[in-house]
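Note that the coordinates shown come from a computational prediction; the quantities given were computed from them, not determined experimentally.
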Amino acid sequence: MICGLFVLSQGEVSVLLLTDAMTENKLFQLCYRKGTCIPSRMVVLYARPNQLAVNRLGITTGKKLGNAVCRSRARRLIRQAWRENELDAPIGLDIVIVARTRLLEENAVSLSHYLRKYGIPALHRVYADKPMRRKG
RNA sequence: UGAGCAGACUAUGCGGCAGCGGGAACGUUUUCAGGUCCACGAGGAAAGUCCGGGCAUCACAGAGCAGGAUAGCUGCUAACGGCAGCCGAGGGCGACCUUAGGGCAAGUGCAACAGAAAAUAGACUUCCGCCCCUCUGCGGCGGUAAAGGUGGAAUGGUGAGGCAAGAGCUCACCGGAGUGCAGGAGACUGCACUGCCGUGUAAACCCUAUCCGAUGCAACGCCUAUUGGUGCUGACCGUCUUAACGCUGGCUCGGCGGACGGUACAGCAAGGGCGGCUCAAGCGAUACGGCGACGUACCGCUUAGAUAAAUUGCCGCACACGACAGGACCCGGCUUAUCGGUCUGGUCACGGC
RNA sequence: UGGGGUGUCGCCAAGCGGUAAGGCAACGGACUCUGACUCCGUCAGUCGGGGGUUCGAAUCCCUCCACCCCAA
């Protein structure tokens, strides 16, 4: 879903897939059952190490959120927040983000702020051995 | 001025920064990926999936039955259960609105409770006359045809004449039926005559007329990695057999196929990619034909094509302070949700001239 | 996306044109020193919503809503 090329600040060009899309139901189920759960008011994060050099992101917007317009909005908000914060995340994880009903009352800034302050640090605490793209 | 009716259109706008989708061009590069830049990027319902088509495949989809859909008439349309105009019925003072509106005179079924009786003929009570008699009553014989509290519905209704008492028995009007004439493209309408006529329900079975092959883009076509001998097809070998069995939409006719096991030779299915995929029964303007739905001619325009799935985030300004809501093969309808705004044409009431 | 089905007291349900059965639960009473079991009685229904056909609709028809299942 979010495939991209990342140019390092030193000027050295390397082809890196930042985040891959998670498509199979099997992987989602594995994350729910065996992964780490980080709940919060707006979203729930599930994470589980994969044996790859990239992250894989899955977004769940269930029927409880509302109609198609509400679900699409939730997806957009999550995707936007992830785009702003994916550089800080550890590498080599399968991550599922589940939207909750309260998310629709918030705007994108608060979700992005939450991820930077609490979500990503929590991933680092659990998976301290994983490398990351930039420090601090 | 107020109230109300019908139809059509519209669906916050502008700017800045960052971001997303596919596309054209530029230019870098062996190629891919990426970069720069340009214009474009959800709806009136995209929804529900209730109908109708296009398109694709199946290979007989043939014949008949069964099953399903529709139901005033005439048209429109690719088609429709849609739309337009008209007819009938009902509602509204009116503009106008609603209407599954064929056939119970082919057959069958049902009509609870109440009521004398609920579908087919009359029985019962009442009424009238005569006879017997204990002479009021009761009983018997006969006449008459609908008066009988009910019910949604009672053998046409109301009034008058008539009679022993009554009765379409007779008459007038109304309703309904049949026949004829006239008008209309038709549904149907009008008039005249006959004549006295047994309910309601087919959104009960059913009958009549018309229509319907099935499955759906996750259809289907092409390319390809790997795996497996699991499933299917062909080929080869062996065994059994000429009547069964299997397939062919549910059944019958008809049609097609011998069946089972082994070999692992060939192909297919299962993953991924590409096509299908958006220029089309397309949209807009004008003219002509038509009451209208719509059609014809000519000119102009190109307007999403994603594949875990793109339209956003933040900020500023304006005001009416922003509803319902997001494409997934594509169209035509219907139905449902919806903050408001604009325009057009009728109607009624009150007031003024 | 396509196809199929179900909605009836608080729960499980029967009824398919004519008064909405039954069981569990709840409440009251009896039995018991008390409770359970058992027995007797009571209560509770917009038949998912709206419209239509019919004299009459939970039932027939149309249309909306909610939920469930199947293919992928």
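We find that CD1 of A:Ile78 is positioned 14 Å from C1' of B:U312, with the value rounded to whole Å. Protein atom CD1 of A:Ile97 is 14 Å distant from nucleotide atom C1' of B:A308, rounded to whole Å. In this structure, A:Trp82 places its CH2 atom 17 Å from C1' of B:G19, rounding to the nearest Å. Atoms CD (A:Gln80) and C1' (B:G19) sit 6 Å apart, rounded to a whole Å. Protein atom CZ of A:Arg71 is 16 Å distant from nucleotide atom P of B:U311, rounded to whole Å. Look at CZ on A:Arg73: it is 16 Å from C1' on B:C20, rounded to the nearest Å.
With a 3.5 Å ceiling on both atom-pair distances, the Watson-Crick or G-U wobble partner of B:G85 is B:C73. The base-pairing partner of C:C39, taking Watson-Crick or G-U wobble contacts with both distances under 3.5 Å, is C:G29. Remark: B:G250 base-pairs with B:C65; criterion is Watson-Crick or G-U wobble with both hydrogen-bond distances under 3.5 Å. Base pairing of B:G229 is not made with any nucleotide, judged by Watson-Crick or G-U wobble geometry with both donor-acceptor distances under 3.5 Å. The partner of B:C124 is B:G148, by the rule that a Watson-Crick or G-U pair needs both atom distances under 3.5 Å. The partner of B:C138 is absent, by the rule that a Watson-Crick or G-U pair needs both atom distances under 3.5 Å. Across all strands shown, B:A308 remains unpaired; no Watson-Crick or G-U wobble contact has both distances below 3.5 Å. Of all nucleotides present, only B:G262 satisfies the Watson-Crick or G-U wobble test against B:C236, with each distance under 3.5 Å.
Atom OG1 in A:Thr61 sits 4.5 Å away from atom CZ in A:Arg75 (nearest 0.5 Å). Atoms OG and OH, from A:Ser40 and A:Tyr114 in turn, are 3.5 Å apart once rounded to the nearest 0.5 Å.
Closest contact between the side chain of A:Arg76 and the listed nucleotides B:U312, B:C314, B:A325 involves B:U312. Comparing atom distances between the A:Arg75 side chain and each of B:A310, B:G327, B:G313 picks out B:A310 as nearest. Nearest nucleotide to the side chain of A:Arg79, out of B:G313, B:A309, B:A325: B:A309. Listed nucleotides: B:A310, B:G326, B:G313. Nearest to the side chain of A:Val69: B:G326.
When atom types are taken as modelled, the side chain of A:Arg48 and the backbone of A:Val96 share no donor-acceptor pair closer than 3.5 angstrom. Listed for the A:Tyr127 side chain is a donor-acceptor partner under 3.5 Å among the backbone atoms of A:Ala47.
For B:U215 and C:G4, the P atoms lie 10 Å apart once the distance is rounded to whole Å. For the C1' atoms, the distance linking C:G50 with B:U1 amounts to 39 Å, nearest Å. B:G175 and B:A204: their C1' atoms are spaced 29 Å apart (whole Å). Rounded to the nearest Å, the gap between the C1' atom of B:C51 and that of B:C211 is 14 Å. A distance of about 24 Å separates the P atoms of C:C67 and B:A46, rounded to the whole Å. If you take atom C1' in B:A219 and the same atom in B:A185, they sit 46 Å apart, rounded to whole Å. Nucleotides B:C298 and B:A45 are separated by 31 Å at their P atoms, to the nearest Å. As rounded to the nearest Å, B:G345 and B:A95 have C1' atoms that lie 10 Å from one another.
For B:G159, the base is anti relative to its sugar; the glycosidic angle deviates from 0 by more than 90°. B:G88 takes the anti form, because its glycosidic angle lies more than 90° either side of 0. With a glycosidic angle no further than 90° from 0, B:U303 counts as syn. Against the 90° criterion about 0, the sugar-base torsion of B:A42 places it in the syn range.
When A:Ile38, A:Val44, A:Val43, A:Leu111 are each tested for a side-chain contact (heavy atoms from CB on, under 4.5 Å) with A:Ile97, only one passes: A:Val43.
You'll find the side chain of A:Cys70 stays beyond 4.5 Å of the side chain of A:Arg73, heavy atoms only.
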Worked verdict on A:Thr60 versus A:Tyr46 for side-chain hydrogen bond (donor to acceptor under 3.5 Å, both in side chains): CA-CA 11 Å; A:Thr60 300; A:Tyr46 290 92; over 6 Å; no
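Residue order along RNA chain B, read from the 5' end via each residue's closest nucleotide, puts A:Leu77 first among A:Leu77 and A:Cys70.
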